[in-house]
Each structure stands twice: as C-alpha cells, then as structure tokens.
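Remarks on the structure that follows.
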Protein chains: 2
Amino acid sequence: MAPTRTSKPDKAAIICQALRRAIIEQALKPGTKLPEDALGERFGASRTIARHALGQLAAEGLVELRRNRIAVVATPSWQEARDTFDIRMELERLVVRQLAGQLDAGQIARLRAHVDAEEGARGGPDTVSIRLATEFHILLAEMTESPILIRYVSEISYRCCLILATFSRPHSSDCAVSEHRALIDALEAGRVDEVMNLMHHHLEAVADRALVAPAKPRGRDIMDILAPYAEPAPVAPAGQPRVRAIMR
Amino acid sequence: MAPTRTSKPDKAAIICQALRRAIIEQALKPGTKLPEDALGERFGASRTIARHALGQLAAEGLVELRRNRIAVVATPSWQEARDTFDIRMELERLVVRQLAGQLDAGQIARLRAHVDAEEGARGGPDTVSIRLATEFHILLAEMTESPILIRYVSEISYRCCLILATFSRPHSSDCAVSEHRALIDALEAGRVDEVMNLMHHHLEAVADRALVAPAKPRGRDIMDILAPYAEPAPVAPAGQPRVRAIMR
DNA sequence: CATGCTCAAACTGCATGCAATCGGAATGCC
DNA sequence: GGCATTCCGATTGCATGCAGTTTGAGCATG
C-alpha cells in the first residue's frame, strides 16, 4: 500500500527541472538556443520529450517558442521586468500575510538555516547567491501550503532570476541576507503589517538594484535596442517601448 | 515582406483554445475524462498533439495530469478556491491601478459595449453570463499591455470559472453587471483608490456568492469528502485539510 | 451475495520516421 | 564588389508504432 516512493518522475519533468536550474544559475543565458535534438540527446530522451519539456518551460515564461524556429531562453524586456517585479511584490505580500505568526519553531529554524547558507555563499559566485536567495522566497511560499501561491511565486521568482541575468550587471546584487533575517524575525513575532512592508521594500530594493538603467539592454540583441525606434511614429514622448499585446 | 497573416496557428494551440472554452462554459465539467486518443480524433490531430495541448492546459491549472492515467478536467479544492480568489484580487487591483485615468475614449467605449453584451445575456444560460463576465476582466487586463499581467489574469480568471463550476449552485451568480459599470466609471474618472476598492469588493462579492459553504463538495467525489479524514493522525485541531505540497 | 483473482482492452510513455520549413552559404547576375 | 537567387543541411511539425501500465468486466471462490 505504500505508494512506491518516487514512482517514476517523468522524463520531461526531469529535463524541465534541469533547464530551469541551468537558467536561473545563468549557465543558460537569455537568448541561448535550445534545439530539441540536442536536449533530447543530452538527457537520453527523444525529441518528443524534449519538445514537451520546452512547452512547459514556455508556459512558465522561461523560454520562448517561435513556430518553426529553435526555442531560446527568454529575454524579458525592461518593461516586462518592471511589471514582473510589481506582480511579485503583491504575491509575496500575500505569502507573508498568510504566514505571519503562523510558523512553528521547526519552520522558523529551517528558514534561519537557509539564510545561514546564503550567508555562507557570500564569497562564492553571484549565481549561487541569486539561486539561494530565490529558493528562500520559494521556501516561504511552500510554507503556505497553497498550491496556487506556491506555483505562482515559484514561477515568478524564476522569471526574476532571468531578469537579473538579463539586466543587472555582474556584481550589483549583494543579496540582502540581512533583509531576509528581518523578514524571519517579523514573521516569528507575528507582526503582519511590518512583515508585509519589509517584503515590499525588500523586493523593491532587489528590483532597484537590478533595474537601474531603463535603456541599458546589455547590448545583447540588436533587435531589442532598435525596438523603440521601430515604431512608425513615436507620438508619445519616448516613454516606454510599448510592449507586444499578447503572448500566446 | 508582409508577415503572412495568421501563418498557421499551431494545431495544439487550437485544441487548447477549444478545451479552455469548453471548460469555462462548463460543457466539460470538473472531473471529466480527457483521453488523448479521443481529443486527437475529434480535432483531426494525432495523440502527440492532443498530449501537448493537455500539457499546456495542465500548466494553466485547468486539467489534472496523473501519470499513466487519463487526464481529467481539474477539480479545485475549496481551500484552493479561496486562495485563488485572494490572488486574483491582488492581480486585478494591480490592473485597475495601472489603468485608472489612462484609458482613451475608444477603450472606455469597448468596455461599455462589452458590459452591454453582458446585460443582454441576462436571460440566457448561466454559463454564457459567466464567460462574458470573465472576458470583461480579461479585456481589462489586456488594456494594460503587460504580457505578464495579461497571462496571469487570464489564467486565474479561467480557473475561477472552473471554481464556479465546481462549487456554486446553478443560479447563484447574477453576475454583477452594475458592478462592472461602476468599475468603468471609476476608471474613466481616474479615481485610483476608488477603483481598486471597487475591484476588491466586486471580486469578494463574486467569491462569496460562489463559495458559500466550506464543506459542500457537490457530492461529486467521495475522495474529496474523505480527504480530511485520511491523515494518519490529525494532531492539529482539524482546521484545514492540509493541501498537497506541490503541483507538478 | 460479497469478495478476490485474472486477463484483455484501453490508455499512456516514449521513440522513430517523414514531410515541411527555415537559415545560411554558395552561386549567378549586374 | 554589391545584391538577389538557389539550394542543401539543420530543425521543427506531426503521425505512427511499440511497450508498459491501468482499468474494469468477467469468473471463481467462500
């Protein structure tokens, strides 16, 4: 009757997990091509599976799928980046609102342990710090035990990693370990308003550190740079590049 | 050079669209089985494509995919339903915050026209009213031109349709056309705080109309009813049924 | 009649094959 | 030399085939 632990975790899911991780650790940078063949071969699976995995990742906004074209790691626009952080703020405020004063000692301990790990990674490569910081937020979300919240926060957190990879320069994010500690303290004390404010300002700080320059697209893709100039007649005072209307 | 209008909208996408629509119109009720073969045959495609479509829908939370089992239309739990509406409130507050006072006459007109359509559907079947009401919210989201907001609001709105299908009894939702009108007025006038409040209370009202009875799982599935009793030893005072940890 | 067992049909998981499309280099033309 | 054209390899879109798993109908048994 014991439900055969880890029955068979779905090959596509494994590929997803691996790619997700590679993307948030910036081993795969925005714009990197992801051919189905190559993925399939690398993971000992067929194209069919790789394709399925890419579909999932595309649904999460981590890769871009263009018909008859090689899939690529997504390259969020600056405007999308701002919007993403806005949404993330609201979602994570929801998380801490639900969690404040509700966590038991074990959970608090787990959070503190995780932040200790972040502290320990201060010297190491940036990408590890970013991954750990992201995992802290996901860990928080998981403690709500709300599948939808977990899913959305995870998704948007991963996307924020991608945004950091796209826009922030190499050593701009010193990861705010102390801010995470303050969050835990406020959560433990059950100060709802305070913890919501802390979260808000924490994420705002992260966003500000990352999205310093509105018009600094890391010189990666000429199309991005030219996008604002591609409009027939920019009537409005070149404020924001007017994003694409719909996604799918 | 003209980019060949509607080049070829991807068979899988067509199936997705069709299923999505069928689900929100409650032609496909929660729990309905969705065999790959049947879908493929129905849409003149192979299982591979149907499978891909189901994967996308699963990523949106509209269908549940269990390994080696027939996919089914998702049946949200009551707790998930509450959480979903909580998230939706925050997202849509974000929408109207961005939109208040920013809409041009044409957009306002389009909104009013849509609400007129809702009004006209008052006599018709419930499912049409629900679909139109949902499309109103999605229309609002689209006016932000923020791909991420659009995606999230659409997704969560569809899920709310599913929730309505699962929990609300046949004629509980009289769709609040007047509330939609009030929203438009406040948007036009640019009263940010007012429109955010209106949206908040509007969605709260929808949720309350739908989620009246916490323990009324529509007698559909015995497993749902028994879920809270299945725990080995419910130490905590049977508060909430402790939802599954993760989704995929 | 209720309960457990067996087995075939149904269905999914995955790989492979073929046609269509794309990208880019070689080619031809001015 | 600059520029359009053609063509071939690379790559995707999709269908089909086979193996493994689940379902549940029928049969046997207490």
Side-chain angles (χ1 to χ4, degrees), chain A residues 1-19 28 31-59 62-75 220-224 226 247-248, chain B residues 1-19 28 31-59 62-75 220-223 247-248:
Chain A
M1 277 302 155
T4 41
R5 222 66 205 83
T6 65
S7 51
K8 230 182 189 184
D10 210 330
K11 269 176 162 186
I14 294 175
I15 299 185
C16 272
Q17 195 63 33
L19 286 185
L28 295 173
T32 307
K33 289 194 236 196
L34 302 170
E36 297 174 359
D37 297 331
L39 288 180
E41 191 175 356
R42 178 64 189 79
F43 288 96
S46 78
R47 277 202 315 121
T48 308
I49 304 306
R51 184 183 186 73
H52 193 74
L54 286 174
Q56 296 300 304
L57 260 7
L62 290 185
V63 318
E64 277 167 23
L65 241 40
R66 300 109 86 211
R67 190 179 173 84
N68 284 325
R69 302 280 253 283
I70 305 182
V72 295
V73 177
T75 64
R220 127 171 22 272
D221 188 4
I222 310 178
M223 291 312 292
D224 285 348
L226 293 182
M247 270 196 108
R248 112 185 36 184
Chain B
M1 277 299 160
T4 42
R5 219 71 205 81
T6 63
S7 51
K8 232 186 189 181
D10 210 328
K11 272 177 160 181
I14 293 174
I15 300 185
C16 271
Q17 195 64 30
L19 287 185
L28 294 172
T32 306
K33 289 195 240 195
L34 303 170
E36 297 173 0
D37 297 332
L39 290 180
E41 193 175 357
R42 179 67 190 75
F43 288 95
S46 78
R47 274 201 319 121
T48 309
I49 305 305
R51 183 183 187 71
H52 193 75
L54 287 175
Q56 297 300 304
L57 260 5
L62 289 185
V63 319
E64 277 167 22
L65 242 38
R66 302 109 85 213
R67 188 179 175 83
N68 285 324
R69 303 279 257 282
I70 305 181
V72 295
V73 177
T75 64
R220 125 170 26 271
D221 188 5
I222 310 176
M223 290 314 291
M247 274 196 105
R248 105 187 41 179

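All values below were derived from every heavy atom in this structure, side-chain atoms included, with hydrogens, water molecules and symmetry-related copies excluded. Each chain gets a letter, A, B and so on, in the order its sequence line appears, and its residues count up from 1. The shown structure was predicted, so the numbers you read here are calculated from the model rather than taken from an experiment.
Here the P atom of nucleotide C:dT21 and the CD1 atom of A:Ile70 are 17 Å apart, to the nearest Å. What separates CD of A:Glu41 from C1' of C:dC14 is a distance of 17 Å, to the nearest Å. Atom CD in A:Glu36 sits roughly 15 Å away from atom P in C:dC22 (whole-Å rounding). Computed from coordinates, the B:Asn68 CG to D:dT23 C1' distance equals 12 Å when rounded to whole Å. Across the protein-nucleic acid pair, B:Arg66 atom CZ and D:dT23 atom P stand 8 Å apart, rounded to whole Å. Atom pair B:His52:NE2 and C:dC14:P shows a separation of 15 Å (rounding to whole Å applied). What separates CG of A:Leu34 from C1' of D:dT12 is a distance of 14 Å, to the nearest Å. Rounded to whole Å, atom C1' of C:dA9 lies 12 Å from atom CG of B:Asp37.
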List, one per line, each side-chain donor-acceptor pair under 3.5 Å for residues 41-52 of chain B, sequence neighbours excluded.
unit_1, atom_1, unit_2, atom_2, d
B:Ser46, OG, B:Thr48, N, 3.3
B:Arg47, NH1, B:Glu36, OE1, 2.7
B:Arg51, NH1, B:Glu36, OE2, 2.5

Summarise protein proximity over nucleotides 14-19 of chain D in one line of letters, 5' to 3': B for base, S for sugar-phosphate only, - for none, counting protein heavy atoms closer than 4.0 Å.
BBBB--
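For C:dT12, neither phosphate oxygen OP1 nor OP2 lies less than 4.0 angstrom from any side-chain nitrogen or oxygen of B:Arg69.
At the heavy-atom level, B:Lys33 lies under 4.0 Å from the strands shown only through sugar-phosphate atoms.
Between the side chain of B:Gln56 and the backbone N or O of A:Ala59 there is no donor-acceptor pair closer than 3.5 Å.
For A:Leu28, the side chain to side chain contact (heavy atoms under 4.5 Å, CB included) criterion is met by A:Leu19, A:Ala22, A:Ile23, A:Thr32, A:Leu34, A:Val73, not counting sequence neighbours.
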